[in-house]
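Worth knowing before you read on, the calculation uses all heavy atoms, side chains too, and leaves out hydrogens, waters and symmetry mates. Counting convention: from 1, in listed order, for ligands and their atoms alike.
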Amino acid sequence: MKPFTYERPATTAEAAQAAARPGARFIAGGTNLLDLMKLQIETPLHLVDVNRLALDTIEERPEGGLRIGALVRNTDLAADSRVRRDYAVLTRALVAGASGQLRNKATTAGNLLQRTRCPYFYDTDQPCNKREPGSGCAAIKGFSRHNAILGSSEACIATNPSDMAVAMRVLDAEIETVKPDGSTRIIPIADFHRLPGDTPHIETVLEQGELITAVLLPPPVGGTQVYRKVRDRASYAFALVSVAAILKPDGTARVALGGVAHKPWRVEAAEESFADDGARLAEALLADAHPTPDNAFKLPLVHRSLVSVMQEGRA
Ligand SMILES: Cc1cc2nc3c(=O)[nH]c(=O)nc-3n(C[C@H](O)[C@H](O)[C@H](O)COP(=O)(O)OP(=O)(O)OC[C@H]3O[C@@H](n4cnc5c(N)ncnc54)[C@H](O)[C@@H]3O)c2cc1C
Ligand code: SF4
């Protein structure tokens, strides 16, 4: 591991200012960042530990909905009675991720910002535009079973591995942040993660030093909420594909896909047209798919998973 300096600020303003300097990074649960530092894939010069910030509560918003502090652990978020009752898709997605021990450490913000599991990103002997911009992409002609089928580019075909983010997308969550200059903003999750384009190393719209303070959930939308994760083994594995769905009694549907793109994949226009027809909704969601020979199986897998989820939700 490369040497780095470390500080543990007490306020969000101090944290954002401390992280403004080049090479600085926040650390929360450390379950992703520390692994990457040990492999020298990430080499921060300065770590800003956010664990002393008062960001570990879930509060009810005056206008309805919840404000989830950035440091709320995945276990606590999944177990919260309000989340289980009103945002069941979120609880289901969280408990489908990682292991109990990891979820006890992993935070809401850290989960949103976890990095891809593309094997070549972790192999420093291989070219990877995400790890080393301009070096190439070993996955495109390599082993790409887990990689993206939608929204990818000639520079990168990585997927976003988060289960939680897929549920947040279907719930229309928003990300609350504070910047080093003290200004704050609220970013719809649809705009938070970027597609790779020719800069796959830039994964979100966050600026240097911008601290996530909370995730906001809108008032409950009801309906039957399902999270279906398809993976190589029954637990402790990342999604090959996943489906987060909210199916409402009025016949409307919201659907987001995981494991298929650099960000959770949702097409609202397709939901409006095909809310009652899983097969046609799948066709619309996959209309622009560009699979590799290794991961073309994800197309029928998405199709079958979505049809099955919609049948289950409407039963
Ligand atoms: C073996 C293993 C299996 C896993 N399986 C799954 C799985 O099946 N599904 C799944 O979804 N996840 C899985 N994970 C990933 C796990 O969910 C993430 O590692 C975890 O959510 C990251 O949270 P953290 O708080 O530990 O983040 P950290 O490692 O502390 O940080 C991650 C990133 O977030 C940034 N960051 C942290 N907090 C803030 C903040 N407040 N503001 C701005 N930036 C911030 C850090 O700078 C860093 O870039 C797995 C992880 C492991 C190790
Ligand atoms: S797909 Fe992206 S993360 Fe994987 S090797 Fe290519 S550039 Fe790197």
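- Polar contact with ligand 1: absent for E42 (N/O pair, distance under 3.5 Å).
- At least one heavy atom of R117 sits closer than 4.0 Å to an atom of ligand 1.
- Looking at ligand 1, you'll find an N or O of L33 within less than 3.5 Å of one of its N or O atoms.
- For A237, the closest heavy-atom approach to ligand 1 falls below 4.0 Å.
- Of all the heavy atoms of N147, the ones lying under 4.0 Å from any atom of ligand 2 belong exclusively to the side chain.
- Listed by atom number, the atoms of ligand 1 under 4.0 Å from N32 heavy atoms are 19 (O), 29 (O).
- Remark: among candidates A139, A155, A158, the nearest residue to atom 7 (S) of ligand 2 is A155, based on non-hydrogen atoms.
- Contact annotation: for T213 versus ligand 1, there are no heavy atoms closer than 4.0 Å.
- Side-chain contact, S162 with N160: no donor N or O sits under 3.5 Å from an acceptor N or O.
- Under a 4.0 Å heavy-atom criterion, K229 is in contact with ligand 1.
- Polar contact check, I212 against ligand 1: a nitrogen or oxygen pair lies under 3.5 Å apart.
- Not one N or O of L211 is nearer than 3.5 Å to an N or O of ligand 1, by distance alone.
- At a cut-off of 2.8 Å, C128 is not counted among the residues with an N, O or S atom near atom 2 (Fe) of ligand 2.
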